[in-house]
Amino acid sequence: MILITEFMDGASVEKLKATYPTTYDPDLADRQSDIPTMMTGIQALIVRNRTKVTEDLLNAAPDLKVVGRLGVGLDNIDLDACRARGIEVIPATGANTLSVAEYVITNALILLRNAYQAGDRMMAGEWPRTDCSGREVFGRVIGFIGFGAIAQETARLARALGMEVIAYDPMLPADSPVWDGATSLPLENVLKTADVISLHVPLTPDTRHIINAERLAQMRSDAVVINAARGGVVNDAALATALAEGQIAGAALDVFETEPLTQEAAQIFDGLQNLILTPHIAGVTQDSNIRVSAMIADHVLDRLS
Ligand SMILES: O=C(O)[C@H](O)COP(=O)(O)O
């Protein structure tokens, strides 16, 4: 039996249903405490990022063989507990790479251009041409913190637009071919050089608040920051202060320490200019949903057979 706790493309759900009894309840992640009560007999659990696959949940799942993750971030899954029980965890590696890369490039263009949020002022009768004459990305520097597959794809698009690519990634050897067309630098040098700084690290104890007040202060005053990685990688309160005080010129945030972002938590961003907020959709497009769902359905069927 298969249990799916968050949204998945319909064709892939039907494919699973054709082979195994499958419960598809895309709102189940909002009723987390119900999930353990449903786990007896479940061999495959399919989740996105909101379902917490904890040790307690696994203890209630004696038949579980595989967890399919409709995405790539694994911080909502207790990987050690899965490993200890021989439960395989399958991420949709590669299937949403392009969605995130396009999200980052779009925000780089919008934030540097600084023109697309003029609608309210224009509706109020203003014609703010000077305020809206922003910058081109051509010839400017994009700096990646973490240079895995998603950052590398973003770099490919950035180079096509004439941007220079620099990155900090201590996990990659200096002679790795990924450095063709990108310059490897210490974190501090990326922070002080880049016009656009984009985060591409998982959330771990080492990367938590890797962008904090001290590191924001090292950035150029005309730099913009994009976080489509994980909430908590950036200290959002420090970022809001840096924006308010003009230490940096703009930011796009797709991920937050607590998701969904509550109205109360969002107050730190109230009134800030050149700030784009999106609800954790960098990796989610109609196209990537089809790819991610098909990949996980196929892997889960393969594993169960
Ligand atoms: O980890 C990911 O791939 C992204 O966060 C998207 O995941 P989601 O589809 O679960 O939102």
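As the structure lists them, so they are numbered: ligands from 1, and atoms in each ligand from 1. Start at 1 with the first residue, then count along the sequence.
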Within residues 206-218 or reaching into it, pairs that qualify as salt bridge (Lys or Arg N to Asp or Glu O under 4.0 Å) - sequence neighbours excluded: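 Residue pairs with at least one partner in residues 206-218: Arg208-Glu257.
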Inter- and intrachain pairs under salt bridge (Lys or Arg N to Asp or Glu O under 4.0 Å), touching residues 82-110, at least two apart: Glu55-Arg85, Asp80-Arg83, Glu88-Arg303
Phe147 side chain reached by Gln152 side chain, heavy atoms, under 4.5 Å: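 Yes. Closest side-chain heavy atoms under 4.5 Å.
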Approximate separation, where rounding is to 0.5 Å, of His209 NE2 and Asn235 CG: 4.0 Å
Those residues that, when tested against Ala240, pass side-chain contact (heavy atoms from CB on, under 4.5 Å) (two or more places apart):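 side-chain contact (heavy atoms from CB on, under 4.5 Å) list for Ala240, sorted by chain: Ile268, Phe269, Leu272.
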Amino acids contacting ligand 1, non-hydrogen cut-off under 4.0 Å: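 Within the 4.0 Å shell of ligand 1, which is judged on heavy atoms, sit Arg48, Asn49, Arg69, Leu70, Gly71, Val72, Gly73, Asn96, Arg230, His280, Val284.
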Residues Asp298 and Lys15 bridged, charged N to O under 4.0 Å: yes
